[in-house]
Amino acid sequence: MGKKDISMQLLEKEFNTLNPEQRQAALHREGPLLVLAGAGSGKTKVVAIRIAHLINTGIDPKNILGLTFTNKAAQEMKERVNRFVGKDIIVSTFHSLGARILREAIHYLGYTPQFAIYDEDDVEKLLKTIAKEAFPAEVKFDVKKARTAISANKNALGQHEDKEYDQFYQLYIKKLKECNAVDFDDLLFLPVTLFRDFPDLLAYYQNRWNYLLVDEYQDTNMVQYEFVRLLVAKSQNLFVVGDPDQSIYSWRGANIRNILHFENDYPGAQIVRLEQNYRSTETILQAANAVIQNNTQRFKKSLWCSRGEGEKINVYTAQTERDEAEFVANTITHLQSVHDIPLNEVVIFYRTNFQSRAFEDQLIAKRIPYTIVGGISFYHRKEIKDILSFLRLLEHPNDLIAFLRVVNLPKRGFGEQFLAKVVGAARNANVSLLDLFTAPSPFAMSAKQKEGWQDFAQILAMLKEAKASKSLSELVRAAIMETKYLEVINADTETRQEKRENLAELIVKAEEWEQSQAAPSLTKFLEEIALVTSTDDLDTTELRVSLMTAHNGKGLEFQAVFLVGIEEELFPHVNSKKSEEDVEEERRLFYVGITRAKKILYICHASFRHLWGTLRHMRPSRFLYEIPAEFRKKTNLYSSYY
DNA sequence: ACCAGGCTTCTTTTT
DNA sequence: GAAGCCTGGT
């Protein structure tokens, strides 16, 4: 029996397990369809079977495009489809698809295809540079507010103009372009611009991908909505999956309207509701239903299941965050030994990243292996970004931010004023920042600066040569070993060991990546790094407890879930308490947390908590009391088990 | 230009 | 309670 027959059999077997609604969605072929998929209702399976079915009935896999928000979700969808039909479809995150389109077409807008992708760090630095240049020192300029305004404007396709920042916005766009760089928002904003301004280009992409599928549709913002609308305008073959109750990204511009008005936006659209939950116990599900019913702005929906009642939800009242963490660590050990729950089936969800610390301390003390998802990722570490900046500079000789990052490492006597002159000189001579160093300095310098100039010029020449003649991983190695960067690291006795290890790890990652690619290139490498998403490195097969924010938990499931810090001001967060709408979003987030649990759910809150360095009294969250008392019970590990 | 030491701000959530 | 920002002395 061939491989193909085996996957066909597998597909048929899986198809037979579907309930009627799931079947209806899985058999859908042409035209717009909205699947309202409640938590744990088997949507991934339905999506995969539907695509497999399309392929088996003659659609070329090349014409099918899946869009997700994280690389992990993309990978998972791709693998599932492959298992059924042995063929690969294109599944991509919105942002990497945007990057891909821009690599092919950004020259229409006057950039070169090697454009850099600036992360939040880079953007903030650029904004500060601009603010310094454009505004006199006495004008206090709030860079953060400007950043928010700019992002909101791009995400709303220019509809969200903020007069106060308009001039600044224009400057920012101009500067970015000078650097041949785009920000995250541009990865979608610019493709939409291209689609609108160049109908031929749009037509090309419409033909290339004429079966579109969008996951987590409730989290799409205006740009993403428009991007999708334009792509399917001709074929109308749009299959979207989402759950309004799990919409948790409105602060990033997500617009729940997109899912609520799907029928109006796509006339003749079919709607399928998946309300049977295959994940959680009845207790957990009823608790979740009860909580979410407190939201006024929602589609009525009620999940049901047949998994049995299960255990009650455990509520623990801790003294402090330390006590809370100790309780969780002890309970995890208990779950492992008494209930046979492996560590990779346990997760700790918190509202804000800083809360992870107390848990780390306790898990280390109890020798329980763990992984933190999100937080400061590997590629955002200072030493990693420094090295990557050397590489970026090779790729983008006018990348101002990368240049400013490395030009004075180690110290070469280049201060702020001096560097302003350097940047000006490059502009006047109409050469790139990088090329400026191929000639002697055009102005007077101190002895140290003279030496520094030559030194940096030599390093750049060496790296250029390495880029031309060596493999990517060798180039990374050269950027670390032959740029005097180690001097910078060695200066700090406290952290140098850790930093060296991280740099060694970077070389390994480059080697691995290089080997996984058919045609590795520096551009691609840098792009992939820029678009890493926080859940990407989550390896659920390793026996480790996961720690993450509730936001990062979406799409995942665990046998045992700890929802911690369930206190007023923290969850719901203070900043959201001003408006009822925002509280409703917090509630949805809480709902997402609850519905991740298959069997066991713990809810913890502390009576006192250290916040901003002071001890504060905390009251239990309203969300806790929204779970009917019959479903919860107080727990105290110390009295019951010791 | 650079450092040390004091001051403030910060903690939502992320592609 | 840390990281980043400013300031003043070298």
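Chain A is the first sequence line, chain B the second, and so forth, proteins listed ahead of strands; every chain is numbered from 1. This is a predicted model, so every value here is computed, not measured. Heavy atoms only: backbone and side chains are in, while hydrogens, waters and symmetry mates are out.
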Inset, instruction - Enumerate the residue pairs fulfilling salt bridge (Lys or Arg N to Asp or Glu O under 4.0 Å) with a member in residues 404-426 of chain A, sequence neighbours excluded, ordered by first and then second residue. - result: Lys132(A)-Glu416(A), Asp386(A)-Arg405(A), Arg412(A)-Asp455(A)
Report all side-chain donor-acceptor pairs from residues 247-254 of chain A shorter than 3.5 Å, counting only partners two or more places apart or in another chain.
unit_1: Ser250(A); atom_1: OG; unit_2: Glu585(A); atom_2: OE1; d: 2.7
unit_1: Ser250(A); atom_1: OG; unit_2: Glu585(A); atom_2: OE2; d: 3.3
unit_1: Trp251(A); atom_1: NE1; unit_2: Ile248(A); atom_2: O; d: 3.1

Inset, instruction - Please state how far atom NE2 in His610(A) lies from atom C1' in dA2(C), giving the value in whole angstrom units. - result: 15 Å
Inset, instruction - Could you give the distance separating dC5(C) and dT12(B) at their C1' atoms, to the nearest angstrom? - result: 23 Å
Legend entry - Check: Glu104(A)/Tyr205(A) side-chain N/O donor and acceptor closer than 3.5 Å: yes
Inset, instruction - For Glu360(A) and Gln362(A), test the side chains for any donor-to-acceptor distance below 3.5 angstrom and give the result as yes or no. - result: no
Inset, instruction - Please determine, by modelled atom types, if Tyr172(A) and Asp183(A) share a side-chain donor-acceptor pair under 3.5 angstrom. - result: yes
Inset, instruction - Applying salt bridge (charged side-chain N to carboxylate O under 4.0 Å, His left out), name anything that partners Glu626(A), two or more places apart in sequence or on another chain. - result: Arg587(A)
Legend entry - Whole-Å gap separating P (dG1(C)) and CG (Leu615(A)): 11 Å
Inset, instruction - Mind listing the residues from residues 406-420 of chain A sitting with a heavy atom below 4.0 Å of DNA chain C? Number order is fine. - result: none
Legend entry - Spacing of the P atoms in dG4(C) and dT13(B) (rounded, Å): 16 Å
Inset, instruction - For the pair Asp361(A) (side chain) and Ala358(A) (backbone), establish whether a donor and an acceptor sit closer than 3.5 Å, ignoring hydrogens and angles. - result: no
Legend entry - Set of residues satisfying side-chain hydrogen bond (donor to acceptor under 3.5 Å, both in side chains) with respect to Gln454(A), sequence neighbours excluded: none
Inset, instruction - Pick base, sugar-phosphate or nothing for Lys577(A), based on heavy-atom distances below 4.0 Å to the nucleic acid. - result: nothing
Inset, instruction - Going 5' to 3' through nucleotides 8-15 of chain B, assign each nucleotide B (protein heavy atom under 4.0 Å from a base atom), S (under 4.0 Å only from sugar-phosphate atoms) or - (no protein heavy atom that close). - result: --BBBBBB
